[in-house]
Amino acid sequence: MALPVGLKVSTSLFLCPHLSIYSFSYLILLGLAIAFCFVYQLVAIDGLSSSSLVLFVACLGDTKVLAAVYGPKAGTRKNENPEKACIEVIWKPKTGQSGKLEKEYEMILKRTLQSICILTINPNTMTSVIIQVVDDDGAVSTAYFCHFTNTLLPCAINAACAALVDAGIPLKHLAVAICCGLAESGYVILDPTKLEEQKMKAFIYLVFPNSVLSVLPNGSLQKKGGEPLEHGIITSFTQGSMSVEDYLHCLERGRAATSKMSDFLRRSLQPQLPSDSSKAG
Amino acid sequence: MEQRLANTWRLTVNEKKFIETALQSDLRIDGRRPFDYRKVTIKFGKEDGSAEVQLGHTHVMAFVTAQLVQPYRDRPNEGTLAIYTEFSPMADPSFEPGRPGESAVELGRVIDRGLRESRAVDTESLCVLSGKLVWAIRVDLHILDNGGNLVDAANIAALAALLTFRRPDCSLGGEDGQEVIVHPPEVREPLPLIIHHLPIAVSFAFFGNESGMVIDPTHHEEAVMCGRMTATLNANGDVCAIQKAGGEGVLQSVIMHCLRIASVKAGDITENIKKAVDSYNIERALKKVKRHSTSKPMDVDGAGSNSKEKHNFVHQKGINTERLKPVDEERNANQNDNKEDETKLLETNRETKDEKNFIGAPSSWNVNS
């Protein structure tokens, strides 16, 4: 029931930073990987409940992930708080059975999405987010017997966030995710490819809030008593060891880069809102 | 579990009656005639052995991977082919994650019988060391969207993926010739699988009250139908498998009629698949040709434009390219150079999309020049 409708397809060229950056210099955006975002609409088969079905494809370079959102559906799982809405994440790997790595991804995604959704609006409901990995740009096999590709998780978070927006699930703000790789020499590389991954000693996954203020140019940032909201971090997930300075450098670089990504995400989601009256139900 | 059942979509009685009545006059709700197939679109992924098929609203993806394993004891000279079906909850709210349900298992078995038991894929060529190591081919089918007739779509996806899959070349080496060396794709060109014929599954739906039968039922028609039959045939007219699991009884003459129609449809679909695979192979061969890279640094602020403008970027980049090249030649410890070197290499990597050119890349990462 997927329907790539001319109205709803938003193909935007997204160029994300794909380059080594040393700590002093500011972001020089040369050499960028192309990311496309396609939106398909699953035809709503469910006439009874108000399920919103949305399929969102996010590609970051060669990594491609599909995200679909079903919900809100009635009833939560047994252990969940019925006073709040619940989010369920199902991660489907490209080949093979779901294992521990997939469970870990599901957990990270669930907690990240829970912090951006307004859970008090629809109590005692469940929203399912299903992630399907289509292309993972090769994998880095580590010593832990698990293939871990480093742009998968940020790609999935971006896709899931966009799918939630398209489905109309109430959100506090958007989220934008990025992966930073740290080389031995102290270089920070954003969004590393498969080859670059092999040279990294550590990785950091960061998810930043993507509110309107974060995409405004620097001059008009308004600080409300202390740090602005968009300097917060929703999720930080690290692999490997690094010094505190390196981590803080990565944070700054990542935040600077995500302002461009935030802009792109907003722009690609926007045309859908006014023209599309209701996909739900 | 109750939640899933509660979320199952049900057709109203009015809709059911409408579909049945329309079929009595040979009208289908999507405007097709009773023996018309929906449009089949076959797309291939970046890697070898991944295919995506769209049959109307039904959306299926197939991935093929291979691994070296020990063979079965009673078949020491043959490789294995295994089909795994995943009914993703994305496809339908009633699909549960976790263990495959009844229909998932049935789908897997029908495709398995068509492919493996009819010896479409040659398993003897998958043997590396008799009795010790053989290639095990694994086909993962992901159902992404349920628009009806999953079997046919999944079958086409599996075939397309198997036809474009390339397994690594391996040779025997070592002192006693017992060691197997698997060559990476950069060193030796990977080999395609040997596929003798293409078994195509064609599904029929039977309706009671003299409504007759239709081919390629949609989701709505599947909810109304009384019985279904899947016939797997190849273009040579061989019947590879027939699956009619319960449902309404039909006359023998009807079954024979179905088989005749199915053989015609199988021929059409085979043509379709072969055309798509051929164009993919041509593209793949073109990619292997090493071309002189044109570095394309791109401006992120132009990111509001649609993909047509991508081609216009080349003009802008001409200037940037000139700037990069002379810098490339100097090898000092200036940070800018390293950035731009990296850029040039990254762009080269992206341009050619061929791992043969990557061999130089890691070494030039050396920052302390």
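Here is how names work: the chains are called A, B, and so on, in the same order as the sequence lines, proteins then strands, and each is numbered from 1.
More than 12 heavy-atom neighbours from other residues, nucleotides or ligands sit within 6.0 angstrom of OH on B:Y280.
Of the atoms belonging to A:K92, it is side-chain heavy atoms, and not backbone ones, that fall under 4.5 Å from chain B. Both the backbone and the side chain of A:T95 come within contact range of chain B, judged by heavy atoms closer than 4.5 Å. Looking at B:S88, both its backbone and its side chain come within 4.5 Å of chain A, counting heavy atoms on both sides. With a 4.5 angstrom heavy-atom cutoff, A:V134 touches chain B via backbone and side-chain atoms both.
Between A:I90 and B:P97, the shortest heavy-atom contact is CD1-CG, 3.7 Å. When all heavy atoms are compared, the tightest approach of B:K46 to A:D135 is CB-OD2, 3.3 Å.
Put simply, of B:H142, B:M61, B:R138, the one with the most heavy-atom pairs under 4.5 Å next to chain A is B:H142.
With respect to B:E86 and A:K94, no salt bridge is recorded, no charged nitrogen being found less than 4.0 Å from a carboxylate O.
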